[in-house]
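Down below is the structure, laid out as structure tokens.
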Amino acid sequence: MPDISHEELLARIGRAYYLESQSKVEIADEHGISRFQVARFLDEARAAGIVHIEIRMPGAPVTIDTEALAATLGLRRVVVVKTVDDEFQQRDLQAHAVAEELMREARTGMSVGISWSRTLDLAARHVLELPRCNIVQLAGALPVPGGGNPLDLIQRLGRVGGGKTWPMWAPLVVDSAATASGLRRQPEIADAMRKADSLDLAVVAIGAWAPNLSTVWDRVDNAVRQDGIDQGAVAECSGRLIAADGTAVAAELDARVLSVTLEQLQRTPKVIAVAQGAVRAEAVRACLGAGIIHTLVVDESLAHALQAAGDNDVVSA
């Protein structure tokens with residue numbers, strides 16, 4: 001790297017941390033300094049006015065009674081963040097909450113599985129510390145515009161915690177069941193999928209089986225989309241489709257996906273799930289019916305939709 005002024009170094013470090021969501025460890029490695037120096041330089045950049053942070057409160061505080069909502073939904077814990085207009089800011093708010101839950105729940109020696117979504121990719125960048133635990137990739141790669149590399153996500157968490165990692169060296173969706181079957185026999189992929197049998201903690205994202213509400217929907221053809229609809233799919237989690245009553249959907253997609261199964265998630269003692277937007281309320285309720293959520297991280301609009309649906313159930317009963 002050519003010589004740069006100290007002020008320019010502060011600006012580059014500030015941009016990497018605050019705008020590009022790089023971790024302090026990643027920035028330290030890039031510049032050949034320690035993460036403690038990175039922290040000091042960030043403080044210095046703010047004090048010098050090189051980095052200016054403006055916080056705009058997005059309206060009234062969250063008004064959801066999270067304990068009551070958790071009880072209504074049959075969950076251990078519900079975390080609600082504000083709903084904001086900016087899509088990236090919304091995703092980042094939820095990513096911070098997911099990172100906090102992961103750091104809160106992880107224990108030394110655990111096997112921790114994490115799937116991939118743009119929110120979970122951001123969440124991994126906000127995880128500052130983990131006890132020494134094993135990190136398992138729960139779904140194959142599904143690169144999307146504006147998203148990171150799923151393998152980077154696993155490796156990043158592995159560096160933070162210092163434990164072993166089990167990456168899944170495969171795409172999430174392949175062109176045929178035969179191709180998927182062959183890949184599942186590859187030793188590295190088979191090892192990662194077997195580790196999902198004995199998870200202590202998992203982190204997943206919930207999508208709805210509809211346009212622009214699932215990254216998988218956006219990456220498959222119309223025939224696959226319609227087949228899922230015809231089989232009753234309303235939700236998607238790590239490429240697995242789920243019907244409104246919580247049952248697994250035996251669509252064509254299922255045989256072509258390389259990811260954790262619903263049965264494996266159902267056997268996992270703690271699963272943190274994240275979802276965004278009132279339009280995913282039915283999808284979240286399907287996943288609740290499937291028994292794969294223990295802690296739910298949502299935005300306020302989705303929390304209100306879930307609360308309203310729960311109130312309607314009470315009235316109907």
Side-chain angles (χ1 to χ4, degrees), residues 66-81 94-117 119-139 150 153-154 156-158 160-168 192-207 235-240 242 246 248 259-276 280 283-299 302-303 306:
T66 56
E67 291 187 4
L69 182 57
T72 298
L73 300 178
L75 295 174
R76 295 176 184 171
R77 182 170 166 82
V78 172
V79 178
V80 180
V81 304
Q94 293 187 240
H96 269 288
V98 171
E100 290 294 332
E101 290 304 303
L102 176 55
M103 290 188 286
R104 178 177 179 270
E105 295 286 358
R107 300 288 184 272
T108 300
M110 275 188 169
S111 287
V112 178
I114 186 164
S115 190
W116 182 88
S117 75
T119 300
L120 297 184
D121 182 65
L122 279 175
R125 298 172 184 271
H126 294 312
V127 174
L128 303 179
E129 59 182 3
L130 284 176
R132 190 174 184 85
C133 53
N134 299 321
I135 307 295
V136 183
Q137 184 176 339
L138 297 184
L153 185 159
I154 300 301
R156 190 180 306 122
L157 291 179
V160 172
K164 295 181 179 179
T165 60
W166 275 263
M168 190 179 295
M193 297 190 80
R194 273 195 300 270
K195 287 295 292 183
D197 282 330
S198 54
L199 298 172
D200 299 296
L201 173 65
V203 186
V204 299
I206 297 171
E236 175 266 313
C237 181
S238 302
R240 304 296 180 180
I242 305 170
S259 75
V260 65
T261 65
L262 293 186
E263 291 82 0
Q264 288 171 320
L265 290 176
Q266 288 165 344
R267 293 196 297 268
T268 302
K270 295 180 181 178
V271 177
I272 301 167
V274 60
Q276 174 192 334
R280 291 185 174 88
V284 170
R285 290 177 67 81
C287 292
L288 291 170
I292 60 170
I293 306 175
H294 301 96
T295 294
L296 180 63
V297 178
V298 296
D299 67 317
L302 178 50
L306 292 169

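- Side-chain atoms of Arg132 come within 3.5 Å of backbone atoms of Gly162 as a donor-acceptor pair (strictly under, hydrogens ignored).
- The side chain to side chain donor-acceptor pair (under 3.5 Å) check on Lys270 picks up Glu105, with sequence neighbours excluded.
- Considering every non-hydrogen atom in both His294 and Leu75, the closest pair reads O-CB, 3.6 Å.
- Considering all non-hydrogen atoms of both residues, Arg240 and Thr261 come closest at NH2-CG2, 3.7 Å.
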Practice item. List the steps and the verdict of side-chain hydrogen bond (donor to acceptor under 3.5 Å, both in side chains) for Ser115 and Ser238. Key: CA-CA 6 Å; Ser115 190; Ser238 302; 2.8 Å; yes
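- Here the NE2 atom belonging to His96 is positioned 12.0 Å from the OG1 atom belonging to Thr119, to the nearest 0.5 angstrom.
- Remark: the backbone N or O of Met193 is paired with a side-chain donor or acceptor of Gln264 at under 3.5 angstrom.
- For the pair Arg280 (side chain) and Gln276 (backbone), a donor-acceptor distance under 3.5 Å is present.
- Residues Ala290 and Gln266 approach most closely at O-NE2, 2.8 Å, considering heavy atoms.
- Of the listed residues (Leu157, Leu138, Leu102, Leu199), just one forms a side chain to side chain contact (heavy atoms under 4.5 Å, CB included) with Val112, and that residue is Leu102.
- The backbone N or O of Pro131 sits nowhere less than 3.5 Å from a side-chain atom of Arg107 that would complete a donor-acceptor pair.
- Looking at Thr165, its side chain never comes within 3.5 Å of a backbone N or O of Pro167 through a donor-acceptor pair.
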